[in-house]
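Note that the structure is a prediction, hence the values are computed from the model and not measured.
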Amino acid sequence: MLNDLLDALAGQDLGVVLPLLLVFLTLDASVGVGLVVPGDGLLLVAGATADSAGEALALIGAGLLACFAGASGGHWLGRRYGTRLRHGRLGRRVGERRWERAHEVLERSRWALALAYFLPVLHALTPAVAGTVGMPYRRFMPWAMLGGAAWVSTYVTLGALAGKVVRQHAEWLLPVLAAAVIAVFGITAAARRALSGGRAPRKRSAWRPPR
């Protein structure tokens with residue numbers, strides 16, 4: 001059944017898949033859709049629709065554009081609405097610990113900001129937190145885009161490879177799914193360890209909240 005689903009997805013025109021990817025990934029970091037629909041899974045499924053290297057590259061390009069739009073939108077919302085985002089109804093559902101974790105990422109090295117894309121939920125919060133604490137857009141975006149590029153490329157490629165193997169060898173479905181799940185958990189764990197081993201957080205006064 002899942003093999004048939006992959007075949008059906010692969011048969012979808014890029015004119016359908018690309019807009020959906022653009023919309024969901026843009027909303028992922030700008031208004032917190034990633035808190036409900038994990039972007040990692042979305043990229044894997046989108047990658048599985050690719051039937052050629054050209055289609056995979058088109059999906060990666062769309063993902064990068066969406067990451068730029070989403071990170072820019074999230075940063076603007078953080079600067080515009082500040083702590084109201086955190087203490088509003090959605091912010092309370094996210095949980096104080098997750099907001100604190102996003103703050104900790106921004107207080108570490110700039111590489112931590114890029115690595116945050118590989119941590120579900122957390123990467124959906126960092127743009128808003130960066131705007132809230134007054135981190136300059138020109139300082140935030142290069143590292144956000146570096147992380148977004150690595151994140152999108154990794155998961156679209158992983159999904160494309162998994163989809164291709166399963167379509168050609170239906171009997172390998174379960175091993176491929178298991179390998180994909182293990183790869184995702186492994187990447188997430190590696191990013192979490194890298195962040196935990198980063199240098200000590202700087203004082204929060206490093207970026208002043210906007211007036």
Check: What residues form a side chain to side chain donor-acceptor pair (under 3.5 Å) with Thr154, not counting sequence neighbours?
Finding: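 Not a single residue meets the side chain to side chain donor-acceptor pair (under 3.5 Å) criterion with Thr154.
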For the atom pair [atom1] ([X]) and [atom2] ([Y]), what is the distance rounded to the nearest 0.5 Å?
X	Y	atom1	atom2	value
Ser153	Leu57	OG	CG	9.0 Å
Arg192	Phe118	CZ	CZ	13.5 Å
Phe140	Arg79	CZ	CZ	12.0 Å
Arg139	Leu113	CZ	CG	11.0 Å

Note to self: Keeping His75 on the side-chain end and Thr126 on the backbone end, is there a donor-acceptor pair under 3.5 Å?
What the structure shows: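 Checked: no pair found.
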Check: Hey, is the main chain of Ala69 close enough, under 3.5 Å, to the side chain of Ser72 for a donor-acceptor pair?
Finding: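 No, because the side chain of Ser72 does not come within donor-acceptor range (under 3.5 Å) of the backbone of Ala69.
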Are [Y] and [X] co-members of a hydrophobic cluster defined by side-chain heavy atoms under 4.5 Å apart?
X	Y	value
Leu20	Leu43	yes
Val17	Phe24	yes
Met135	Phe68	yes
Leu25	Leu65	no
Tyr137	Met145	yes

Next item on the list: Only counting residues at least two apart or in another chain, list the ones meeting side chain to side chain contact (heavy atoms under 4.5 Å, CB included) with Leu44.
Entry: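 Testing Leu44 for side chain to side chain contact (heavy atoms under 4.5 Å, CB included), a comparison that skips the adjacent residues, returns Tyr155, Leu158, Val184.
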Between [X] and [Y], what is the shortest heavy-atom contact and its length?
X	Y	value
Glu55	Thr49	OE1-O, 3.7 Å
Leu21	Ala46	CD1-CB, 4.1 Å
Ala62	Leu18	CB-CD2, 3.7 Å
Ala194	Leu115	CB-CD1, 3.7 Å
Ala144	Ala71	CB-CB, 4.5 Å
Ala160	Ala50	CB-CB, 4.3 Å

Checklist line | Member of Leu177, Leu174, Leu161, Val176 meeting the side-chain contact (heavy atoms from CB on, under 4.5 Å) criterion with Val166 | finding: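 It is Val176; the other options fail the test.
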Check: Which of parallel (below 30°), tilted (30 to 60°) and perpendicular (above 60°) describes His123 and Trp151?
Finding: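 His123 and Trp151: tilted rings.
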Notebook entry, point to check: Taking side chain as C-beta onward, heavy atoms only, is Tyr117 less than 4.5 Å from Trp143?
Noted result: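 Tyr117 does not reach Trp143 side chain to side chain.
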